[in-house]
Amino acid sequence: MLDIRLVRENTEKVIDALKKRSEDTSVLDKLLSIEGRRRDLLKAVEDDRQQRNSLSQEIGKLKKEGGDASALLEEAKKVSEDSVSKEAELRDLEILAKNELLLIPNIPHESVPVGRDENDNVEVRRWGNIPEFSFEPKNHWDIGESLDILDFDRASKIAGARFVIYKGGGASLERALINFMLDLHTKEHGYTEVITPLLVNREAMTGTGQLPKFESDLFKLEEGDAKGFLLIPTAEVPVTNIHREEILSGDELPIYYTAYTPCFRREAGSYGKDTRGLIRQHQFNKIELVKFVKPEGSYDELETLTNNAEEVLKRIGLPFRVISLCTGDMGFSAAKTYDIEVWFPAQKKYREISSCSNFESFQARRADIRFKTEGRKGTEFVHTLNGSGLAVGRTFAAILENFQQEDGSVIIPEVLRPYMGIEKISKK
RNA sequence: GGAGAGGUGGCCGAGUGGUCGAAGGCAGCCGCCUGCUAAGCGGUUGUGGGGGUCAAACUUCACCCAGGGUUCGAAUCCCUGCCUCUCCGCCA
């Protein structure tokens, strides 16, 4: 959510931002007209209230002294009654203004490349050598099925399309990845591990920006007692909301959290895409990194957060590149986003494995997360950042493809061996 | 699932219709005093919005879990919801 004052006083900047995102600017006209009326009415209502308050005070005083207050009572009643409709209208306008404001995306940072879609994203750096194979590299789902460590068919019997069963060495590898990533982030990168609810309420989803605009991406529970719960599409939601409606003290910051959670996504509208394999599942595991920081250093924090995510790939030994998303391709709440893309040999291209963003105060304003600096009056909104560190399923897939051998086996990357106790997954 | 209790400022806690943004205590801050420590004394300390100002001062409105209602006036009365706690039952 943007600051309504910014929208009011710096409208051009907001229009510019919307245009860069290829978004319709008409929402803004609507918002501003509502906001204008809201402010006029606020003044009127407050004047009424002031008058009423002072009359009431006199009535109180008079009654205490045993005087006759009936004339004042009459007057006060009139003021009150006259104000009723204004108060109601004001309430409506406040809700309307808030609703409109919630639909406006964040303003991109000045360093973000301007562009229409993913073709205008800018590659920032690459790491690692793309592996060469003396044979035609296979897709990870073929590898996984032939090693009997992934089972898509039976999963679809249990749940449906876009679900998977990890089995044997597959389950072990998935678990190893989770533990390796968590250990790296907690022991070396300074994050505190949290385990959070996977079902959350609407307020939490609104706080991070999934609602109200992206309801169709989410799984919801709608029956009986469960009514109102939504399944998290990312740990960003519960973790960022840990400090919702809190005023942190300045010296608590920065706060770094990491969390392992399953994530649930409807993937409505992506029917043709990635129908096979682990890339696009309704349920997948992810390690998330979340930061709460002071505004001054938040872009440095984005760099280190991104580096922290890259480090996972470096240690495993998977080639990747980092791209800076352009204005048209960035998510709704983000001010700047780096995507990390890992190499998939069978598809011969880089695919997203992490997305690291600075939301500046956009989420903090929605979720009301502030901090107070000792000796300074008032409070400020924190800046929130998050990124995947990493998507576990996609990392799993990348390992199968990049470390596959001609005989169909898969070499386990060295850093994962202590977690698994084996060096290789082979056919039985 | 059954029975009860309760949600007030950073914390504890008083307040049941009227100068209450809220007593008192603790903690914090400023000052005084005390040759250290501790104690003592005086003052001060919430958040958000509007107006105002270069900025401040100042001013006004709202906020005692949330949302409605009654009333000239609500922390205080009524309704609904949410949450917490205790006991019993059930349960990984």
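What's counted below: heavy atoms across the whole structure, side chains too, no hydrogens, waters or symmetry copies. Chain naming here is simple, since letters A, B, ... match the order of the sequence lines and numbering starts at 1 in each.
- The aromatic rings of Phe163(A) and His282(A) sit tilted, their planes meeting at an angle between 30° and 60°.
- Atom name P, nucleotides C63(B) and G25(B): the rounded distance is 27 Å, in whole Å.
- Residue Arg91(A) is classed as a sugar-phosphate contact, given heavy-atom separations below 4.0 Å to backbone atoms only.
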Apply side-chain hydrogen bond (donor to acceptor under 3.5 Å, both in side chains) to residues Tyr338(A) and Glu310(A) and explain how you reach the verdict. CA-CA 11 Å; Tyr338(A) 290 118; Glu310(A) 290 172 48; over 6 Å; no
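- No engagement by Ser249(A) is indicated, since no non-hydrogen atom pair under 4.0 Å with the nucleic acid exists.
- Distances shorter than 4.0 Å separate some side-chain N or O of Arg370(A) from OP1 or OP2 on G48(B).
- If you take atom P in G10(B) and the same atom in G48(B), they sit 12 Å apart, rounded to whole Å.
- Residues from residues 41-53 of chain A placing a heavy atom under 4.0 Å of any atom in RNA chain B, listed by number, are Leu42(A), Glu46(A), Arg49(A), Gln50(A), Arg52(A), Asn53(A).
- Counting any heavy atom pair closer than 4.0 Å across all strands shown, Arg365(A) reaches no nucleic acid atom.
- Applying the side chain to side chain donor-acceptor pair (under 3.5 Å) test to every pair with at least one member in residues 96-109 of chain A, sequence neighbours left out, gives these pairs: Lys30(A)-Glu100(A), His109(A)-Ser111(A).
- Among Tyr260(A), Tyr256(A), Phe292(A), the one residue that satisfies the ring-ring contact (aromatic ring centres under 6.0 Å, His included) test with Tyr191(A) is Tyr256(A).
- Regarding Lys63(A), its NZ atom lies at a distance of 11 Å from the P atom of G18(B), rounded to whole Å.
- Interface residues of residues 70-81 of chain A facing RNA chain B, ordered by number: Leu73(A), Ala76(A), Lys77(A), Ser80(A); criterion, heavy-atom separation under 4.0 Å.
- Nucleotides C77(B) and C64(B) are separated by 14 Å at their P atoms, to the nearest Å.
- The phosphate of G49(B) (OP1 or OP2) has no side-chain N or O of Arg39(A) nearer than 4.0 angstrom.
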